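Please read these numbers as outputs of a predicted model, since none were measured by experiment. Every chain is numbered from 1, with letters handed out A, B, ... down the list of sequences.
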2 protein chains.
Amino acid sequence: MTDELTAVAANRSFGGWHKRFRHRSTVLGCDMVFAAYLPPQAEAGPVPALYWLSGLTCTDENFMQKAGAQKLAAELGIAIIAPDTSPRGPDVPGDPDGAWDFGHGAGFYVNATQEPWAKHYRMHDYVVRELPGLVERTLPVTDRRSVAGHSMGGHGALVCALRNPGRYRAVSAFAPIVNPSQVPWGEKALGRYLGPDRAAWAKWDACALIGDATERLPLLVDQGDGDSFLDTQLRPDALRRAAEAAGHPLILRMQPGYDHSYYFIASFIDDHLRHHAAALKC
Amino acid sequence: MTDELTAVAANRSFGGWHKRFRHRSTVLGCDMVFAAYLPPQAEAGPVPALYWLSGLTCTDENFMQKAGAQKLAAELGIAIIAPDTSPRGPDVPGDPDGAWDFGHGAGFYVNATQEPWAKHYRMHDYVVRELPGLVERTLPVTDRRSVAGHSMGGHGALVCALRNPGRYRAVSAFAPIVNPSQVPWGEKALGRYLGPDRAAWAKWDACALIGDATERLPLLVDQGDGDSFLDTQLRPDALRRAAEAAGHPLILRMQPGYDHSYYFIASFIDDHLRHHAAALKC
């Protein structure tokens with residue numbers, strides 16, 4: 001570790017380490033905290049990493065505490081990096097009404113163009129470039145990367161992969177917001193971060209991006225059919241139609257009775273880890 | 001389900017269900033919430049149950065969200081019942097100073113004899129008798145029971161098993177308070193719940209009870225050697241000495257580098273589940 005990182009916490013976990021670090025983000029213009037699960041293999045040398053993007057209201061902690069991913073990650077020798085879900089701090093403007101679906105905890109993994117958001121809300125560049133660069137300089141983690149996420153973070157994972165061919169070996173999502181241009185959460189966030197011109201939104205919408213994808217990473221998506229946000233915010237059928245129209249590979253699994261919670265994620269995270277590990281050659 | 005239980009939440013989990021229920025506790029004189037993990041096998045018929053007793057400040061939720069126990073429980077066909085850690089509600093007196101280590105969230109699994117605690121703080125009778133009775137009447141769970149817990153709940157598990165021969169098929173603990181009569185957390189709690197006469201405390205102290213144990217259930221105990229409470233509150237060597245003196249079977253595993261968190265519990269919960277399942281004949 002260098003002086004770029006300040007240790008916040010360290011817990012032994014399945015023979016490896018769960019660690020939390022604080023650092024100064026140049027891209028976001030604020031201090032940020034992220035978590036890293038380092039499997040036992042990282043003590044012998046650098047290992048590939050899955051970047052996990054969390055959903056609305058989350059921090060780096062939700063996935064690490066609730067997904068139950070460490071056991072198989074330790075077996076496979078894959079690191080997991082979990083960033084926060086927005087810039088934070090007293091200098092970072094949040095939702096004017098204090099709502100939970102915009103601002104702090106709701107960066108939507110875009111680069112904002114509108115004031116007052118543009119100065120700090122550049123989560124795309126942070127999770128795609130700045131954070132991996134930092135991690136690969138300071139932790140025993142290679143540049144073999146993959147990306148996954150949940151809900152808003154599922155949207156983030158799909159968009160990060162589709163916008164950055166060659167950067168990730170695999171991508172997957174749980175209950176992603178696949179078509180943010182067309183649903184209330186996305187309309188609110190994109191309308192503020194990117195402004196009212198909907199043409200600018202298409203660059204941050206998986207259903208729009210998939211038509212122009214030059215890379216054909218198979219998209220693995222799990223979606224519970226008991227998810228209370230299914231019809232209003234998530235609409236996986238839109239992704240299915242867009243993938244079919246584009247001839248893009250998609251494995252969309254509807255999971256009967258499962259909801260939007262981490263109980264759902266935990267139930268299928270091992271399938272996702274194996275999907276990523278195969279591509280990362282763990 | 002009968003009208004004894006009010007459903008609070010239900011989440012699909014590993015092919016089974018995580019459910020939370022509210023009910024009126026006669027023993028505690030207040031409403032209580034508990035959680036049940038019901039594995040897929042419970043849809044075909046009643047299954048045995050592990051009762052999990054949590055530590056200071058916890059509710060029914062900590063273990064269910066953070067321990068990662070459901071995957072193996074679903075394979076083994078074992079239910080997990082997680083009660084709250086104290087009586088609750090505006091009518092239940094808490095710590096006079098608002099401390100977190102006494103009162104609400106800190107029932108210590110004893111039957112209080114002193115006022116104003118004696119009216120509500122009867123967690124031993126609740127977790128040993130009332131709750132299993134309710135669960136076995138209303139959920140697909142048999143009377144084949146085992147008990148485990150963490151920290152204050154590890155103390156609770158050891159004491160419940162040692163005080164009630166024949167009631168549990170197996171017992172285990174993570175970082176238990178093995179000798180509450182001799183450590184600050186225990187002295188505070190037992191001194192208030194049971195009064196200043198330390199002779200009364202021995203009936204709630206695993207190190208004291210083990211000498212008179214008539215049943216010889218092997219005690220499985222995991223303890224991290226990086227646990228910040230190890231020397232002040234936990235002192236597993238006291239249990240080792242008491243077990244040796246009594247000729248009582250004890251498997252005490254010191255886990256190098258592990259702390260007091262759920263990252264520690266998650267790392268070894270599968271070993272405990274297999275220990276319980278073997279005794280429960282799952």
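- When all heavy atoms of B:Arg12 and A:Ser267 are compared, the pair lying nearest together is O-OG, 4.4 Å.
- For A:Phe14, the parts sitting under 4.5 Å from any heavy atom of chain B are the backbone and the side chain alike.
- Contacts of A:Gln70 with chain B are made by side-chain atoms alone, with heavy-atom separations under 4.5 Å and no backbone atom involved.
- For the atom pair CD of B:Gln65 and CG of A:Asn62, the computed distance is 9.5 Å after rounding to the nearest 0.5 Å.
- Using a 4.5 Å cut-off between heavy atoms, B:Ser261 contacts chain A through its side chain alone, with no backbone atom that close.
- For a residue to count as touching a neighbouring chain, one of its non-hydrogen atoms must lie under 4.5 Å from one of that chain's; by this rule B:Asp259 touches chain A with the side chain only.
- If you measure heavy-atom distances from A:Lys66 to chain B, the contacts under 4.5 Å come from both the backbone and the side chain.
- Proximity to chain B (any heavy atom under 4.5 Å) is restricted, for A:Ala10, to the backbone atoms N, CA, C and O.
- In this structure a side-chain-to-backbone donor-acceptor pair under 3.5 Å is present from B:Tyr258 to A:Gly15.
- Around CZ of A:Arg253, the count of heavy atoms belonging to other residues, nucleotides or ligands within 6.0 Å exceeds 12.
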